[in-house]
Structure formats: structure tokens, C-alpha cells
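Data block below; observations after.
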Amino acid sequence: SVVREPIANHLDSSYFGEISIGEPPQKFLVLFDTGSANLWVPSTDCKSPACFNHAKFQPSASATFTPRGQSYNVSYGSGSVTIVLGSDTLRIQSITVREQELGLSQEEPTQPFYFAAFDGILGMAFPSLAVGGTATALAGMLEQNQLPEPVFSFYFSRQPTYDYGGELILGGVDPQLFQGDITWAPVTQKLYWQVALEEVAIGQSVTGWCGQGCQAIVDTGTFLLTVPQEYIESILEALGAQETSYGYAVDCSDTQSMPQLTFGIGGARLALPPAAYVLNSNGYCTLAIEATYLPSQDGQPLWILGNVFLKEYYTVFDMANNRVGFALSA
Amino acid sequence: AVRISLKKGLSIRDQMRAAGVLDDFLKHIKYDPVKKYQPSQG
């Protein structure tokens with residue numbers, strides 16, 4: 001039964017890893033997010049309930065912290081976080097970035113940040129997207145020669161567990177994590193990792209939706225495959241899905257026979273099998289898609305390739321040549 | 001290169017449902033996944 005727009009889907013899981021900030025190091029779990037560009041962690045000044053549920057940075061306990069004072073709002077799909085800028089030493093394993101600008105959260109929306117498994121966010125999009133014009137962590141790594149190669153890559157496991165969801169490789173590519181060749185697509189707008197989407201097919205039939213061009217943002221901070229809302233009905237019909245308050249429901253026994261979705265990017269056809277785009281939660285199956293209502297900045301239909309897509313395709317982000325590479329995951 | 005192992009967090013939706021706050025949240029938030037890409041005020 002149709003109850004409401006199923007936006008519950010987006011509150012799904014996220015993937016995160018450990019960083020440390022300050023001297024002596026204070027540890028945090030952060031979402032490595034290619035869809036935003038700010039680095040922020042909760043601070044001891046934050047009085048929001050979400051902050052009490054997470055690790056908090058204590059500036060006075062760090063010998064290398066420098067306050068910057070300005071306050072900004074960083075907005076995400078589910079609300080915005082108020083941060084105050086400062087700088088300190090950022091460490092990610094053997095990588096050290098001195099005087100890295102970062103945000104210390106003062107206020108966070110309780111829903112959903114209280115329930116997030118990560119403490120803060122490390123944005124990996126382009127510096128031009130960073131609120132307050134702050135230097136991004138990746139720019140700091142490049143400037144301080146912390147990366148052997150000006151690239152980073154993500155592998156997301158098809159069978160993730162809490163302890164192992166995938167890997168982020170800073171400064172390189174791991175041939176063990178993919179098969180076949182890497183297909184490259186140039187970044188079309190240096191704000192996010194946005195590429196041209198040449199075509200979308202459902203099964204053998206090309207939809208023609210991108211005849212005038214589409215854009216796709218490669219976003220590790222978005223869980224689902226996000227579809228322009230004008231195409232949602234056609235996709236539901238083609239896949240035999242019903243809209244419910246739990247999402248776009250399908251019969252689990254149909255999954256094997258459902259068509260694959262194919263995305264034309266960089267001259268290649270990247271297929272997404274039903275096993276990748278159908279979520280089975282205790283025998284209740286839904287499509288791992290959600291709708292977006294806004295076009296890309298140049299007005300073309302905007303898709304978001306979230307974790308659901310990135311589990312199928314090992315993805316390389318080339319900062320020197322401003323291009324994104326896709327290869328079938330191992 | 002540096003390899004960072006990524007953990008997969010529990011579903012926020014399931015945790016909010018278990019806490020009894022999901023329905024209320026969905027009624028009030030006008031979520032759009034693209035909202036995060038709008039240049040934020042600063």
C-alpha cells in the first residue's frame with residue numbers, strides 16, 4: 001500500500017574508517033565522503049544529543065591546535081551541521097598532514113546523526129565545494145607529499161560485515177581488488193566527482209532518458225542509487241515494484257529473473273545485476289533506489305551512484321587528471 | 001599507498017525505528033539526496 005514517499009531507504013548504512021587529530025592524537029571514526037569537501041568532527045563544545053553519542057575533540061588537550069574562529073553550516077541530505085573552524089595535525093595511519101583545516105561541530109541534528117556509526121565526516125570532493133573555502137584533507141596530503149600517487153580508490157565488499165565493509169586506498173590502486181580494465185570518464189564539473197552518463201538501459205532496452213545528456217555524481221557518502229524522480233515510475237513498472245512505506249517492494253523470488261540495469265559511462269556499458277540493486281532485509285526485498293527532485297547544476301537529469309553501485313565497481317579518483325575510473329570489483 | 005579498512009555501520013533506519021523516532025522523522029524532514037550538493041551558506 002502506498003503510504004508515503006519511501007525516503008527511509010536513504011537512512012541506511014554507511015562505511016567509515018579511523019583517523020586521528022591533534023597531538024597527542026585523538027581518534028575518530030569518519031565517513032570518507034566523495035560527495036562533500038569538509039572535514040569535521042564533534043567537539044567538546046557541542047551540546048547536541050548527537051555529540052554525546054560520539055567521540056569529541058578536545059582542543060585544549062592538543063598541543064598543535066590553532067583556533068580559526070569562523071562558524072559555518074555544512075548541509076547534508078538530512079540536515080545541516082554547524083561547525084567552527086580550526087587547524088591541527090591530521091593522521092591517517094602513516095599519512096600526516098600538519099595544520100590541516102577542520103571543522104569542530106557545535107550543533108548536529110539529532111536525527112539522524114545521533115544514530116550514525118561514525119563520529120564525523122572527511123569530505124573528498126573538490127576544494128571549490130568546501131564550505132568556508134577551507135583546504136580539503138586531500139589537498140593537504142598532496143601539498144605535503146603524503147601520497148605516492150595523486151589518486152585514491154574505493155573497494156566496497158559485496159558481502160559486507162560490520163568489521164569489513166571494504167577499503168579506501170589513499171595514493172594508489174590495488175589490482176587485486178578489481179578485474180578487467182579500468183574505464184575512465186572525465187569529471188564534468190570540478191565540485192564533486194561528477195561524470196557524464198551517456199545512456200541508461202533496463203535489460204536489453206535502452207531507455208533514451210539521456211538522449212540530451214545526464215550527469216552522475218559518484219558519492220561514497222550516499223548509500224543508494226539515486227534516480228531523477230521523473231523516471232521512478234518507469235523503473236518501478238519495468239521492475240515490477242510496488243511503492244510502500246518501507247521502500248519500493250519486489251517479490252524476493254523474482255530477483256533472479258529481474259533485468260540488469262546498464263549505465264553508459266566513458267564509452268563502456270557498466271551493468272548492475274539485480275543482486276546488486278535489490279536489498280533483502282529478512283526476506284523483505286526492496287529496490288536500492290531513491291528519487292531526487294533536483295537537476296544537476298547545468299539542468300541535466302542528475303543521478304547519484306552510491307554504495308549500491310560502488311559495490312559492483314571498484315572506483316578510482318584521479319586528482320591529477322580530474323577523471324574517475326571504474327572497473328568490475330573482484 | 002595507505003590502505004584503510006572500512007567498517008560498515010548498522011542501518012541508521014533500523015536503529016531509528018527501534019528507538020521509535022523514524023516515523024516522526026520521516027514526517028518532518030524534507031529529504032533530497034541532492035541537497036548536500038547545494039553550495040552551503042557560510
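The sequence lines fix the lettering, A, B, ..., with proteins before strands; numbering per chain opens at 1. Just so it is clear, the model here is predicted, and its values are computed rather than measured.
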Which pair of heavy atoms, one from [X] and one from [Y], lies closest together, and at what distance?
| X | Y | result |
| --- | --- | --- |
| B/V21 | A/Q111 | CB-NE2, 3.7 Å |
| B/S5 | A/Y164 | OG-CD1, 3.8 Å |
| B/A1 | A/P148 | N-CG, 3.6 Å |
| A/I92 | B/V2 | O-CG1, 4.1 Å |
| A/Y15 | B/K8 | OH-CE, 3.4 Å |
| A/P112 | B/I12 | CB-CG2, 3.7 Å |

| Heavy-atom distance under 4.5 Å between the side chains of A/D174 and B/R3, does that happen here? |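 Of all side-chain heavy-atom pairs linking B/R3 with A/D174, at least one is under 4.5 Å.
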Which atoms of [X] are under 4.5 Å from chain B, going by heavy atoms: the side chain, the backbone, both sets, or neither?
| X | value |
| --- | --- |
| A/F32 | side chain |
| A/S281 | neither |
| A/L147 | neither |
| A/F156 | side chain |
| A/I217 | side chain |
| A/L85 | neither |
| A/N38 | neither |
| A/I169 | both |

Quick one: which of [options] has the most heavy-atom pairs under 4.5 Å with chain B, could you say?
| options | result |
| --- | --- |
| A/D219, A/L302, A/T161, A/L31 | A/D219 |
| A/G172, A/S153, A/P160 | A/P160 |
| A/T110, A/D33, A/L29, A/V151 | A/D33 |
| A/G35, A/A37, A/G171, A/G17 | A/G35 |

| task | Might you work through the side chain to side chain contact (heavy atoms under 4.5 Å, CB included) test for B/I4 and A/Q93, ending with a clear yes or no? | result | CA-CA 8 Å; B/I4 295 115; A/Q93 293 185 24; 3.8 Å; yes
| said: Check whether B/Q15 reaches the backbone of A/F115 with its side chain - one donor and one acceptor, N or O, closer than 3.5 Å. | reply: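 The answer is yes, because a donor-acceptor pair under 3.5 Å joins these two groups.
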| query | More than 12 non-hydrogen atoms from neighbouring residues, nucleotides or ligands closer than 6.0 Å to OH on A/Y114, yes or no? | reply |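 No, OH of A/Y114 has 12 or fewer neighbouring heavy atoms, counting only those of other groups under 6.0 Å.
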| request: Count the heavy atoms of every other residue, nucleotide or ligand shown that sit under 6.0 Å from CD of A/Q106, and state whether that count exceeds 12. | output: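 Check passes, neighbour count above 12.
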| request: Could you go through the side chain to side chain contact (heavy atoms under 4.5 Å, CB included) check for B/L6 and A/E18 one step at a time? | output: CA-CA 8 Å; B/L6 300 175; A/E18 188 175 285; over 6 Å; no
